[in-house]
Chemist: 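Dropping the structure in here first, questions after.
Hydrogens, waters and symmetry mates play no part in the numbers below; they use all other heavy atoms, side chains included. Everything numeric in this text was worked out from a predicted model, so none of it was measured.
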Amino acid sequence: LFPDLTPPTITCPSPITVSCSSAVPIADIASVTGVSDDCSGVVTVTHQGDVISGQTCANRYTITRTYRATDVCGNFAQCTQIITVNDVIAPVITCPGNITVNASPGLCSAVVTFTTTATDNCAGAVTIVSVPASGTAFRVGTTTVISSATDVCGNSSNCTFTITVVDNQPPVIVCPANIIANNTPGLCSAVVNYPLPTVTDNCCLPGAVS
């Protein structure tokens, strides 16, 4: 009698690529095909393990998954399936609509708060940065805010909106005190010199009085 030294045959599932760690399928011996042996007897299929390599972030790496087929005489053959996890999808960012506010009393600015939101296809924190930031004192006029959202693998997207601060406060004018003058002898009038009113404004520097 000749000993059985021939291993069985085994075919692993085809390589696959997924975007997120959560989408990696669990090991499944039922996905292995082409299992046969030249001798009678049961061929046992087992999952030998997963090896992760080339990981650069939580959702970007390669898995080498190994399956083994073993016959009743202990002969075995192995195959591997390559699973690539590669998140290249940027978060979806949503900016608020354009904002218009009045300047704060006595000031040429207004503190404006706003909320920018983002969602991502994979789990993990999404970092949102806005320039200028929420809570900034915005000057009178229109400012464009740029917001960006970045996921754990560095994929990013941005959106923009405007904040307009309106100066709705009139200038403050202070007139000189009332003046009483005598008429010029022989005339029915008098030349009177008086100081100009003083003018201040929450935004503009004092200018000519008109």
Side-chain angles (χ1 to χ4, degrees), residues 13-27 50-65 81-174 196-210:
S14 300
I16 60 170
T17 298
V18 298
S19 291
C20 309
S21 296
S22 60
V24 174
I26 62 173
D50 293 348
V51 176
I52 294 176
S53 61
Q55 184 164 15
T56 57
C57 66
N59 296 299
R60 195 172 289 156
Y61 55 90
T62 300
I63 298 173
T64 302
R65 176 169 289 171
Q81 178 191 22
I82 301 300
I83 301 172
T84 302
V85 182
N86 187 26
D87 178 20
V88 294
I89 301 175
V92 176
I93 186 171
T94 303
C95 278
N98 295 335
I99 300 171
T100 299
V101 297
N102 292 326
S104 300
L107 298 176
C108 193
S109 62
V111 175
V112 181
T113 59
F114 54 84
T115 301
T116 301
T117 60
T119 58
D120 194 45
N121 60 307
C122 295
V126 176
T127 302
I128 299 175
V129 176
S130 297
V131 180
S134 176
T136 296
F138 289 83
R139 296 281 296 175
V140 163
T142 298
T143 302
T144 298
V145 179
I146 301 175
S147 295
S148 64
T150 305
D151 67 18
V152 293
C153 283
N155 302 304
S156 64
S157 57
N158 60 64
C159 60
T160 62
F161 63 100
T162 61
I163 293 178
T164 301
V165 179
V166 178
D167 176 19
N168 65 338
Q169 303 171 62
V172 176
I173 183 170
V174 179
L196 290 174
T198 58
V199 179
T200 58
D201 188 60
N202 62 310
C203 284
C204 301
L205 294 176
V209 176
S210 59

Chemist: I'd like to check the side-chain contact (heavy atoms from CB on, under 4.5 Å) partners of Val88; sequence neighbours left out, ordered by chain and number.
Modeler: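 side-chain contact (heavy atoms from CB on, under 4.5 Å) list for Val88, sorted by chain: Arg60, Asn86.
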Chemist: State which residues pass side chain to side chain donor-acceptor pair (under 3.5 Å) with Asp120; sequence neighbours excluded, sorted by chain then number.
Modeler: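 With sequence neighbours excluded, Asp120 shows a side chain to side chain donor-acceptor pair (under 3.5 Å) to no residue whatsoever.
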Chemist: Tell me the closest heavy-atom pair linking Ala137 and Ser109, and the distance in Å.
Modeler: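 That closest heavy-atom pairing would be CB-OG, 4.2 Å.
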Chemist: Please identify each residue that fulfils side-chain contact (heavy atoms from CB on, under 4.5 Å) with Val129, with sequence neighbours left out.
Modeler: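 In terms of side-chain contact (heavy atoms from CB on, under 4.5 Å), with neighbours along the sequence ignored, Val129 is linked to Thr127, Val131, Ser148.
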Chemist: Might you work through the side-chain contact (heavy atoms from CB on, under 4.5 Å) test for Ile99 and Val112, ending with a clear yes or no?
Modeler: CA-CA 9 Å; Ile99 300 171; Val112 181; 4.3 Å; yes
Chemist: Between Ser104 and Val111, what is the shortest heavy-atom contact and its length?
Modeler: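 So the two residues come closest at OG-N, 4.4 Å.
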Chemist: How far apart are the closest heavy atoms of Ser19 and Ile89, and which atoms are they?
Modeler: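 That would be OG-CD1, 4.0 Å.
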Chemist: Quick one, Cys108 and Asp167 - any side-chain contact, counting heavy atoms below 4.5 Å?
Modeler: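 A side-chain contact under 4.5 Å is absent here.
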Chemist: With side chains defined as the heavy atoms from C-beta onward, is the minimum distance between Thr117 and Ile93 less than 4.5 Å?
Modeler: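 No, too far: nothing below the 4.5 Å cut-off.
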Chemist: What are the two closest non-hydrogen atoms of Asn59 and Cys122, and how far apart are they?
Modeler: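 Heavy atoms of Asn59 and Cys122 come nearest at ND2-CB, 3.5 Å.
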Chemist: Heavy atoms only: give me the nearest Ala149-Ala118 pair and the separation to one decimal.
Modeler: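 So the two residues come closest at CB-CB, 3.7 Å.
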Chemist: Can you give each donor-acceptor pair under 3.5 Å made by side-chain atoms of residues 154-163, sequence neighbours left out, with the distance rounded to 0.1 Å?
Modeler:
unit_1 : atom_1 : unit_2 : atom_2 : d
Asn155 : ND2    : Asp87  : O      : 2.9
Asn155 : ND2    : Asp151 : OD2    : 3.1
Ser157 : OG     : Pro91  : O      : 2.6
Thr162 : OG1    : Asn98  : OD1    : 3.2

Chemist: Suppose we screen for side-chain contact (heavy atoms from CB on, under 4.5 Å). Which residues come up paired with Pro132, at least two apart in sequence or across chains?
Modeler: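 Testing Pro132 for side-chain contact (heavy atoms from CB on, under 4.5 Å), a comparison that skips the adjacent residues, returns Thr136, Phe138, Thr143, Val145.
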Chemist: Apply the test side-chain contact (heavy atoms from CB on, under 4.5 Å) to residues Thr62 and Ile82: give CA-CA distance (whole Å), side-chain angles for both, the deciding distance (0.1 Å), then the verdict.
Modeler: CA-CA 7 Å; Thr62 300; Ile82 301 300; 3.8 Å; yes
Chemist: Val165 and side-chain contact (heavy atoms from CB on, under 4.5 Å): which single residue from Leu107, Val101, Thr142 fits?
Modeler: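 When side-chain contact (heavy atoms from CB on, under 4.5 Å) is applied between Val165 and each of Leu107, Val101, Thr142, only Val101 qualifies.
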Chemist: Mind checking side-chain contact (heavy atoms from CB on, under 4.5 Å) for Val166 and listing every partner two or more places apart, or none if nothing turns up?
Modeler: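 Applying side-chain contact (heavy atoms from CB on, under 4.5 Å) to Val166 gives Thr100, Asn102, Thr164.
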Chemist: Determine the minimum heavy-atom distance between Thr116 and Pro96, stating which atoms define it.
Modeler: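 Minimum heavy-atom contact is OG1-CD, 3.7 Å.
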Chemist: Is there a donor-acceptor pair closer than 3.5 Å between any side-chain N or O of Thr84 and the backbone N or O of Tyr61?
Modeler: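 No, Thr84 side chain to Tyr61 backbone: no donor-acceptor pair under 3.5 Å.
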Chemist: Side chains of Val51 and Ile63, heavy atoms from C-beta outward: is any pair under 4.5 Å?
Modeler: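 No - every pair of side-chain heavy atoms lies 4.5 Å or more apart.
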Chemist: Please confirm whether the backbone N or O of Arg65 pairs with a side-chain atom of Gln81, one donor and one acceptor, at under 3.5 Å?
Modeler: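 Not a single qualifying donor-acceptor pair exists.
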Chemist: Take Ile146 and Ser130 through the side-chain contact (heavy atoms from CB on, under 4.5 Å) test and state the conclusion after the steps.
Modeler: CA-CA 6 Å; Ile146 301 175; Ser130 297; over 6 Å; no
